[in-house]
Undergrad: 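This is the structure I have questions about; it appears just below.
None of these values were measured; they are calculated from a predicted model.
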Amino acid sequence: MKILIVDDHSLIRDALRGILIELDPEAVILEAFSGELALQIAEEHADLALVMLDLKLPDTDGFSVFGALRQRRPNAAVVFLSASNDRDDVARSLGAGASGFISKNTKREVMLGALKLVFSGGIYIPP
């Protein structure tokens with residue numbers, strides 16, 4: 001499985017990489033610190049299975065990147081990440097077709113469960 005983590009904070013990318021490898025030790029993890037780099041990587045990797053996408057990026061917002069990703073890789077699952085728990089952001093994300101919305105404040109066990117659900121084809125809706 002090929003997974004792209006899109007977040008401008010390296011500590012977040014490191015933490016997510018650890019969680020994703022725990023779920024799938026064979027996963028190929030790609031990383032981007034900006035929306036522009038994320039779209040470039042998506043162009044180069046037709047077999048992306050999952051994109052973990054920060055809502056706030058230094059060069060754009062996650063919703064803009066999501067729209068462009070949908071055009072390039074419509075079969076890739078996208079899970080939004082955010083430091084915010086704003087219900088409007090959650091609703092907008094899921095309404096646009098994301099496979100989930102995970103707060104960066106989420107406990108590790110909850111994130112593991114959410115990603116297992118997404119890996120199995122489900123949609124994670126935060127409580």
Undergrad: So, do S84 and D89 sit near enough that their side-chain heavy atoms are less than 4.5 Å apart?
TA: yes

Undergrad: Does any pair with a residue in residues 23-41 pass salt bridge (Lys or Arg N to Asp or Glu O under 4.0 Å), and if so which ones, sequence neighbours excluded?
TA: R13-E31, R17-E31

Undergrad: In Å, rounded to the nearest 0.5 Å, how long is the span from CG of L55 to OG of S103?
TA: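 Rounded to the nearest 0.5 Å, the CG-OG separation comes to 11.0 Å.
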
Undergrad: With sequence neighbours excluded, give me every ring pair (Phe, Tyr, Trp, His ring centres under 6.0 Å) pair touching residues 16-42.
TA: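 Found none.
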
Undergrad: Suppose we screen for side chain to side chain contact (heavy atoms under 4.5 Å, CB included). Which residues come up paired with N75, at least two apart in sequence or across chains?
TA: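 By the side chain to side chain contact (heavy atoms under 4.5 Å, CB included) rule, N75 matches no residue at all.
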
Undergrad: What pairs meet the salt bridge (Lys or Arg N to Asp or Glu O under 4.0 Å) rule with one or both residues in residues 60-87, with sequence neighbours excluded?
TA: E43-R72

Undergrad: Which residues pass the side chain to side chain contact (heavy atoms under 4.5 Å, CB included) test with A98, not counting sequence neighbours?
TA: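 Once residues adjacent in sequence are excluded, the partners of A98 under the side chain to side chain contact (heavy atoms under 4.5 Å, CB included) criterion are F66, F80, S93.
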
Undergrad: Looking only at heavy atoms, which two atoms of V6 and A38 are closest? And how far apart?
TA: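 Heavy atoms of V6 and A38 come nearest at CG2-CB, 3.6 Å.
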
Undergrad: Check side chain to side chain contact (heavy atoms under 4.5 Å, CB included) between L30 and all other residues, then give those that pass, not counting sequence neighbours.
TA: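 By the side chain to side chain contact (heavy atoms under 4.5 Å, CB included) rule, L30 matches K2, L4, V28, I41, H45, L48.
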
Undergrad: Mind checking side chain to side chain donor-acceptor pair (under 3.5 Å) for S34 and listing every partner two or more places apart, or none if nothing turns up?
TA: none

Undergrad: Could you work out, with side chain to side chain donor-acceptor pair (under 3.5 Å) as the rule, every residue matching D59, not counting sequence neighbours?
TA: none

Undergrad: Sort and list the pairs that fulfil ring pair (Phe, Tyr, Trp, His ring centres under 6.0 Å) and have at least one residue in residues 96-118, not counting sequence neighbours.
TA: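 Output for this query is empty, none listed.
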
Undergrad: Check which hydrophobic residues are tied to M52 through side-chain heavy-atom contacts below 4.5 Å, counting indirect links as well, and list them.
TA: M1, I3, I5, I12, L16, I19, L20, I21, L23, I29, L50, V79, L81, I102, V110, M111, L112, L115, L117, V118, F119, Y124

Undergrad: Listing request: all salt bridge (Lys or Arg N to Asp or Glu O under 4.0 Å) pairs with a residue in residues 48-58, at least two apart in sequence or in separate chains.
TA: D54-K104

Undergrad: Taking side chain to side chain donor-acceptor pair (under 3.5 Å) as the test, write out the residues that go with E22, two or more places apart.
TA: R108

Undergrad: Nearest heavy-atom pair of G35 and V65: which atoms, and what distance?
TA: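 Here G35 and V65 meet closest at CA-CG2, 3.6 Å.
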
